[in-house]
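Here is the structure we will look at, set down as structure tokens.
The sequence lines fix the lettering, A, B, ..., with proteins before strands; numbering per chain opens at 1. Because the structure is a prediction, the values reported are computed rather than measured.
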Amino acid sequence: MKGDRSIASETKMGFCRRRNRRVLPGFRLTLGFTLLYLSLLVLIPLSTLVLWMGRLGWEELWSTFTAPRTLAAYRLSLLGALIAAGTNAVFGLLVAWVLVRYRFPGRRLLDTLVDLPFALPTAVAGIALTAIYAPTGVIGRLFASVGIQTAYSPLGVVLAMVFVSLPFVIRITQPVLQDIDREVEEAAATLGATRLQTFTRVILPAIIPAVLTGFAMAFARAVGEYGSIVFISGNMPGRTEIVPLLIMTRLEEFNYAGATSVALVLLLLSFVMLLLINLLQAWIRRGAPV
Amino acid sequence: MKIEVVDVTKTFGCHRALDGVTLQVDDGELVALLGPSGCGKTTLLRIIAGLETADQGEVLFDGENASGRHARERRVGFVFQHYALFRHMTVFGNVAFGLRVRPRRQRPGRAQIRQRVYELLRLVQLEEFAGSYPAQLSGGQRQRVALARALALQPRVLLLDEPFGALDAKVRQELRRWLRRLHDELHVTSVFVTHDQEEALEVADRVVVMNQGGIMQIGTPPDVFHNPASEFVMNFLGSVNVFHGRVEGGRAFLGPLQVDCSSDHPLARPARALVRPYNLDLDTRSNGRPCFLATVRHIHAAGPRVKVELTTEAGAFVEVDLAPERYQELNLSVGESVFVSARDVRVFVGDEPERSHRLEFQDGDSPTVMDDLRPGTEGRSG
């Protein structure tokens with residue numbers, strides 16, 4: 001996505017260059033660097049993955065995909081990420097709303113706190129979450145008393161996913177919310193709209209692309225999360241084993257082909273998410289400047 | 001519909017935005033709230049719309065108290081300075097919004113909404129833009145969409161907050177005239193806020209001049225322009241030359257000017273004389289009229305009137321506005337000394353411009369006679 005954006009801005013620069021010299025030189029140099037950088041970091045490793053998979057026969061691939069253990073891992077990773085991203089879309093929007101709309105003591109501190117899941121090493125997050133949600137932990141005990149197991153269950157996996165993908169929706173919707181003019185809401189009010197109508201017809205359409213983008217990013221992050229989940233999930237094959245862990249396990253078995261094929265599906269999924277995010281961003285830009 | 005504002009007070013923190021404002025706008029009238037920024041004019045408009053609640057006082061619509069009613073129940077059309085269009089909706093969607101959010105029972109059918117929206121778009125001459133998004137329109141077009149949107153519900157009152165403030169001069173002038181025509185067609189009671197005196201004087205039936213949270217003067221445009229009730233109003237409604245001085249023993253001593261006046265106050269008090277640039281005349285020779293000497297510093301000859309900047313012997317700045325014919329006749333050049341005479345001088349007594357009052361003069365029974373007032377015979381250098 002980053003690459004896409006910088007290329008877009010550079011073609012614009014190149015277009016301008018023809019008409020008049022830019023104040024700042026270096027279009028060729030920077031474009032060359034950008035291409036090299038992205039190739040080294042993104043394209044070459046990914047193409048290796050595809051090459052690796054080429055060594056497997058289709059049948060072998062198919063049997064790897066359809067193995068119950070693989071399917072269960074996909075199911076957990078995808079469903080869990082979906083739930084986590086959905087949760088964050090709703091509550092992240094709420095947090096962003098509070099942070100943007102109201103002034104209260106401690107607001108800045110709260111605002112900084114949002115970034116913590118980004119800043120924290122995932123292993124640290126994993127240990128902390130496990131300690132709290134384990135059946136003997138502070139919160140885990142409460143859940144355990146009503147018969148709900150949190151750590152070492154799919155619920156624990158989802159909790160860790162919610163934690164690591166928390167900042168996305170908040171950080172993406174915040175500037176969009178800030179951008180909404182108070183006057184637009186007042187205009188809706190003078191036109192006879194109720195509060196609910198103002199929210200659903202005026203505010204929500206303005207922020208929904210941002211919320212969806214945040215959702216997609218949170219989803220991508222949750223699917224790929226490894227560090228914190230392995231601590232809390234218990235890693236039971238077919239029950240609490242996530243896809244990244246399955247890849248790791250296959251590698252430890254020296255089953256490179258198996259690992260690659262599982263990884264490839266994850267790669268395809270990332271591509272689909274990337275496409276979706278870019279489409280959503282184009283949608284946001286559609287009616288942007290007023 | 002008639003709007004009455006009764007003794008409205010509003011405070012923001014420790015800033016008193018409105019201080020006991022009372023105002024009446026008659027049915028079908030177009031009234032301008034005019035004043036410098038921060039004078040409370042926008043606050044007053046927002047209180048009438050119900051977007052702000054007054055600390056004290058009431059707003060009556062046709063004699064009925066509207067103070068407790070929410071903005072959405074007041075049936076006012078409000079046009080914002082920065083348009084406040086719904087940017088994710090097309091022009092059509094924006095204009096139709098008010099009709100679409102009506103309770104189901106009162107909501108017109110699709111065809112009716114369509115018909116009404118196109119009617120309004122024809123009115124604002126934007127029919128072909130129905131499918132465009134606000135971002136694709138120019139500023140003037142956006143403001144017309146905002147106006148059409150505000151008119152969709154057939155509001156009882158139309159309120160406009162600096163409607164042309166964000167537009168460039170040319171478009172502004174056009175829209176101003178267009179608003180006047182529109183008002184003459186629709187006759188909806190309208191109040192608009194502006195800090196541009198030209199706009200207020202040109203468009204409005206009546207002008208309400210405001211300053212520091214209070215109303216300074218209410219009147220028709222010629223009335224407030226030619227008969228300013230206070231120094232502030234005169235100063236705000238156009239450029240003026242100010243001569244500082246004092247009033248003492250029936251005479252006003254105002255720099256180079258002296259005027260007879262009937263101040264029964266025994267003590268000397270500070271006073272200022274205000275003269276509009278076009279009420280000053282220049283002459284190369286003393287012509288017997290009371291006058292004072294000044295030096296030409298600068299001449300702006302580009303425009304329908306010639307503006308001459310001068311300094312008096314005491315160093316005060318004086319601006320004179322001459323007809324081009326007169327300018328040619330005089331054949332002025334920079335650095336030349338000329339005699340300045342005044343046609344219409346207004347003297348205001350008091351310490352602060354806002355609280356000062358106009359003096360009655362001996363040779364005039366009523367304030368209107370003041371229009372003819374001449375400076376005293378002993379102009380300092382005359």
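- More than 12 heavy atoms of other residues, nucleotides or ligands shown are found within 6.0 angstrom of CZ on A/R103.
- In this structure, B/H70 NE2 and A/T190 OG1 are separated by 10.0 Å, a value rounded to the nearest 0.5 Å.
- Screening A/T194, A/T198, A/L191 for a side-chain contact (heavy atoms from CB on, under 4.5 Å) with B/R72, the sole residue that qualifies is A/T194.
- Heavy-atom contacts from other residues, nucleotides or ligands closer than 6.0 Å to CZ of B/R69 number more than 12.
- Most heavy-atom pairs under 4.5 Å with chain A, from the set B/R74, B/R149, B/M89: that is B/R149.
- Summarising the local packing, CZ of A/F199 is surrounded by more than 12 heavy atoms from other residues, nucleotides or ligands at distances under 6.0 Å.
- Closest of all the heavy-atom pairs between B/A84 and A/A187 is O-CB, 4.0 Å.
- One finds the CD atom of A/E183 at 9.5 Å from the CG atom of B/L51 (value rounded to the nearest 0.5 Å).
- No side-chain heavy atom of A/E186 sits less than 4.5 Å from a side-chain heavy atom of B/F78.
- In the displayed structure, A/R75 atom CZ is contacted under 6.0 Å by at most 12 heavy atoms of other residues, nucleotides or ligands.
- For A/F104, the CZ atom sits in a packed shell: over 12 heavy atoms of surrounding residues, nucleotides or ligands are nearer than 6.0 Å.
- Heavy atoms closer than 4.5 Å to chain A are found in both the backbone and the side chain of B/R100.
- In terms of modelled atom types and a separation under 3.5 Å, the side chain of B/H88 and the main chain of A/L204 share no donor-acceptor contact.
- With a 4.5 angstrom heavy-atom cutoff, A/R201 touches chain B via backbone and side-chain atoms both.
- Other residues, nucleotides and ligands contribute at most 12 non-hydrogen atoms within 6.0 Å of the CZ atom of A/F91.
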